[in-house]
Amino acid sequence: MRGRLVYRALPVLLAWQSACQTPGSDPRTHSAAPARAAGALSATRKALLCAEQRRDSSAIGSEALSSRDVAVRRDAARALARIADARAAELLPLALTDEDPEVSTWGAYGLGYACRGREAKIVRALAARAASLPMASAPGTSKASLFSPIEAISDALGRCGGTEAEATLRAWLRGPPSRAEAAALALGRLVERSGRLEDASLVGLLDAADRAEALQNALYPFTRLAQLNGSTSERLLSLGLKLISNRAPGAEFAVRALGHTGDAGSAALGKLLGDATVSSALRAQAVRELATQGSAAQRPLWAAFDGTVSQGPSDAELLSDSYGAFSALLDALQPPALSAGVKLHALAQLTLGNGDSASLSRRKVHVRCTSAALIAGADYQNAHLLACDPALDSPARELAVLAVLGRGKLSGRRKQAYLQRASSPNAALREAALELLGPHAELAEAYRVLADALAAKELGVVASAARVLSGYPERAGRVLGADAHDAPKPDPSVVQALAPAYAAAGQRHSVEVQSLLLDAIGALQVLNMKDAVNGACSSDNPTLREHAERTLHLLGEQSRRCDQFVPGTGTGTGTAPDAVTERELLTLETETGNLTITLDPALAPMAVARVTALAKAGFYDGLSVHRVVPGFVAQFGDPRGDGYGGDDQAPLRCETSPLAFLTGGVGVALSGRDTGSSQLFVTLGRYPHLDGQYAWVGQAGPGWNQIAAGDRILHARVATVPR
C-alpha cells in the first residue's frame, strides 16, 4: 500500500522539485502584482514557499517584506517566522512594524523563536510595537486569518523571557481584556522558559482571577510552576475552588492548578472526582494532576475509587465519554490497595459477552487486567492476572504481567519471565520491557537485551533501547553496580549495534529515532561514530542538529555549535504548493462510529496535502487510535501503534503558526522541529503549551471524547468542503 502511495506521489514530488528550482522565481523581487486566487500562486509566492520549505532565509530579501502585494509580504513574513535563524531575526522587525495585522503577527511570532542570544533587543522591539497598537486590539478568533499582533507579541515576550518582558506582561494584566488574557498566557510561556515568576507577577495573576470579570487565563501560569510559597498556594486553592464551583471560564486551569497547592489541593481534587456534576474531561484532568504526585496522592485516588466506581460498570457507561475519567483513575492507582478488595475483584471478573463489539471487549479487558494487576501486587503468577483476558495471545494481559514483574527484583524465575517478554515479537510489549531496565540495575543481561533491541526492525523498540542507553549508560556494560558517574564501559555488542541502527533509522526518515540514538552515542561516548554525528551537525533538520550539538559536547567538543547548514532541496515536502487549496472533510469510520476532522490548508498546505493523499490511498484504514490521554489528546496515524511510526516519507517541515489549539484543535504530532509525518492529534481540552509548537491543520467534530486507545479506524474518506 505504501509503495503504491509513493509511486503515485512521485510526479507531484518532481513537479514540486522543479517549481523550487525554476530560474527567475526570486522571492526578493519587488512585486506590484495583485494577489492571485487560491490555487494559482504567482512565481514570487511559489518561490517564497520553496524557501520556507528549504529553510533558506538567504532566498528572502527585504524587498519581499516591502512589496506592495500584501500576499507577498505575508508569505515572506511567514517563511522567515518558520525559519527563525539569525538572518530571519534581522529581517523580521520589518514585518513586525507592517501595517497589515497578519504580517505584523507573523513578525512577532518569528521573533519569539529567534530570541536566543538577542533577547534584550527583541524584547524592546516587541514592546515598542505593542505601544503603537490600539489598546483594545481584537483577539484572534478566526482560524483562516491572523489579525491579532498583540497576542503574538505577548507570546513572543513570554518566549524571550527576562525581567523586562515579565514586567511588561505583568503591567498588561491590568489593561483591556484581550491584551490581559494574552499576557496571562504569555506569563505561562515565560514560566516554561525560566521555571519561575516574580512574586509581583503571581499577585497580579491572582488579582486578575479574583476580580468581578475574572481573566479566564489568569491561573494558567500556575499550572506550569513547580513550587509555590505558602500564602500563594493558599490563595490559589481558594480561588481555584471558587472558579470550579461556579463553572467559570478557565475552570480547567483551576483544576490543573490545584495539583500545585499541596495536600489540601490533592484532597480537593479527590473530592472533585466524586462530583457527578463535573464533566468527565475535568475529572480526567483531576486524575492526571493527582497521578503526577506519585505515592503522596494515592490516598485521595483510592478514596475516589471507593466513592465513585461501581463494581460493574454497564456497557453503556464503558462506551460513553465517562469511560475516559474512569479508566484514567484505574490506571493511576498503585498497590497496595487502600480499598476493600471486593470492588477490585468484581472489576477483574467483569463479564465478557459473546456479543460485545471489539471496542467494548477491549475496554472490558483493560478494566479486568488493570484491576487484576492491582490485586496481584508483585505476584506475576496471580490467578486473576493470568485470567484477565481469555485470548491465547493477549498483549493486554502480557503488559499487565510485565508491570507486575517490575514491582519486584528481576532475579530467578522473575528474571526468566522478564527476558521472555523482552524478546517478544510484540513491539509494544518489548518496548515496555525495555523501559524497566532503568530502575532495575540487578539485571546482568541488560546489555544483551539492549544490543538485541538496537538490531530490531521496529523503530519503537530501537527508540526505547536508545532512551535507556542515554538515561542509564551503565546498563550497556557487563559489570553490575557500575557507578553512573564513571565513564561508561559499554559492551562491544552494544557499540557495534549503534551504527546500523542509526543508518536504518535514517533510511526510514525517522528523525526521532536518529535523535535518540545520537543521545545514546553521546552518553556512551562512542568516538568511532563521530563522523555520523558531524553529518547530523550539518543537517538541514534542526532537531538532528540540536541533538548532534549536545552529543558533540559529550564527545569532548564543548564549544561546538551546529547552527550552520546547507538548505534542503524541498523534495521531501510531499506535494506541490497548488495541490490543496480547499478545506477537506476527513471522515474516519471507526469501531465506535464516525469521527470527522475539517482540514484547513490555509496555514499548513503541505501537511494537509500529505494527510489527504494518505487518506485517499487507504493509509489510515485499519490503523488504531494508538494514544488517548483522557481530557488531553487523542492521537492516530502510526501503522505500528506505538507512537514511533509514520508513512516513511521524508519528514514534513513544521508549518507552525500563532493560532491557539482550542478544544477539538487538530495538529501534526512531532518529536521535535521538522519531524512531522502521518500522525495527527486532537485536543480534548485547552492546553496553551501546545500553541505555536505544532502545525494547526483543522478542527475536529464531536465524539472524540468517547474514543479509547486501541479503537480502530475502519476506513478514512475525504471530501471537499463546499464553499
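All figures in this text were calculated on a predicted structure; none of them were measured in a lab.
Nearest heavy atoms, Leu273 versus Ala304: CD1-CB, 3.6 Å. Shortest non-hydrogen contact noted between Ala214 and Ala209 is CB-O, 3.3 Å. For the residue pair Ser678 and Gly637, the shortest heavy atom distance occurs at OG-O, 2.7 Å. When all heavy atoms of Glu181 and Gln216 are compared, the closest pair comes out as OE2-N, 3.0 Å. When every heavy atom of Gly312 is checked against every heavy atom of Leu350, the shortest pair comes out as CA-CD1, 4.1 Å. Ala465 and Ala453 make their closest contact through CB-CB, 3.7 Å (heavy atoms, listed as atom of the first residue, atom of the second, distance).
Not counting sequence neighbours, the partners of Gln635 by the side chain to side chain donor-acceptor pair (under 3.5 Å) test are Arg627, Gln679.
Within the structure, the salt bridge (charged side-chain N to carboxylate O under 4.0 Å, His left out) test picks out the following pairs touching residues 215-236 (sequence neighbours left out): Glu192-Arg224, Asp207-Arg235, Asp210-Arg235. The ring pair (Phe, Tyr, Trp, His ring centres under 6.0 Å) pairs that include a residue from residues 423-446 number zero, where partners must be two or more places apart or lie in different chains. Under the ring pair (Phe, Tyr, Trp, His ring centres under 6.0 Å) criterion, no residue pair touches residues 346-366, with sequence neighbours excluded. Residue pairs satisfying the ring pair (Phe, Tyr, Trp, His ring centres under 6.0 Å) criterion with at least one member in residues 372-419, sequence neighbours excluded, are listed as follows: His345-His384. Screening residues 211-244 for ring pair (Phe, Tyr, Trp, His ring centres under 6.0 Å) gives Tyr220-Phe253 as the qualifying pairs, with residues at least two apart or on separate chains.
Rounding to the nearest 0.5 Å places OG1 of Thr596 at 8.5 Å from CG of Leu588. Note: Leu429 CG to Ser424 OG = 4.5 Å, rounded to the nearest 0.5 Å. Annotation: the span from Asp638 atom CG to Ser677 atom OG amounts to 9.0 Å, rounded to 0.5 Å. Taking CD1 of Ile707 as the reference point, atom CD of Glu591 lies at 8.5 Å (rounded to 0.5 Å). In this structure, Thr590 OG1 and Gln706 CD are separated by 10.0 Å, a value rounded to the nearest 0.5 Å. The line from CD of Glu431 to CG of Asp642 is 4.0 Å long, rounded to the nearest 0.5 Å.
Asn229 CG: more than 12 foreign heavy atoms inside a 6.0 Å radius. Enclosure of atom CZ in Arg413 is not indicated, since only 12 or fewer non-hydrogen atoms of other residues, nucleotides or ligands lie within 6.0 angstrom. Counting non-hydrogen atoms of other residues, nucleotides and ligands closer than 6.0 Å to NZ of Lys271 gives a total of 12 or fewer. Surrounding CZ of Arg407 are more than 12 heavy atoms belonging to other residues, nucleotides or ligands, all under 6.0 Å away. Atom CG of Asn594 has more than 12 heavy atoms from other residues, nucleotides or ligands within 6.0 Å.
Side-chain contact, Arg368 with Gln349: no donor N or O sits under 3.5 Å from an acceptor N or O. Between the side chains of Ser359 and Asp711, at least one donor-acceptor pair of N or O atoms lies under 3.5 Å. Between Thr277 and Arg247, the side chains place a donor N or O and an acceptor N or O closer than 3.5 Å (distance only, hydrogens not considered). Side-chain atoms of Glu317 and Ser322 form no donor-acceptor pair, as typed in the model, at a separation below 3.5 Å. Of the N and O atoms on the side chains of Thr663 and Arg686, not one donor lies less than 3.5 Å from an acceptor on the other residue. A donor-acceptor contact closer than 3.5 angstrom links the side chains of Ser266 and Gln293. For the residue pair Ser361/Asp356, the side-chain donor-acceptor check at 3.5 Å is not satisfied.
Remark: side-chain polar atoms of Thr683 are paired, donor with acceptor, to backbone N or O of Leu662 under 3.5 angstrom.
A salt bridge is absent between Lys415 and Glu442: the closest approach of a Lys/Arg side-chain nitrogen to an acidic carboxylate oxygen does not fall below 4.0 angstrom. Of the charged side-chain nitrogens involved, at least one lies within less than 4.0 Å of a carboxylate oxygen, so that Lys364 and Asp315 count as a salt-bridged pair. Remark: Glu435 does not engage Arg467 in a salt bridge, criterion side-chain N to carboxylate O under 4.0 Å.
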**OP:** I would like to know whether Glu589 and Ile713 meet side-chain contact (heavy atoms from CB on, under 4.5 Å); could you show each step before the answer?
**Re:** CA-CA 6 Å; Glu589 300 172 9; Ile713 299 168; over 6 Å; no
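Just one of Thr292, Leu269, Leu329 meets the side-chain contact (heavy atoms from CB on, under 4.5 Å) condition when paired with Val287; it is Leu329.
Residues Phe636 and Phe681 keep their aromatic ring centres 6.0 Å or farther apart.
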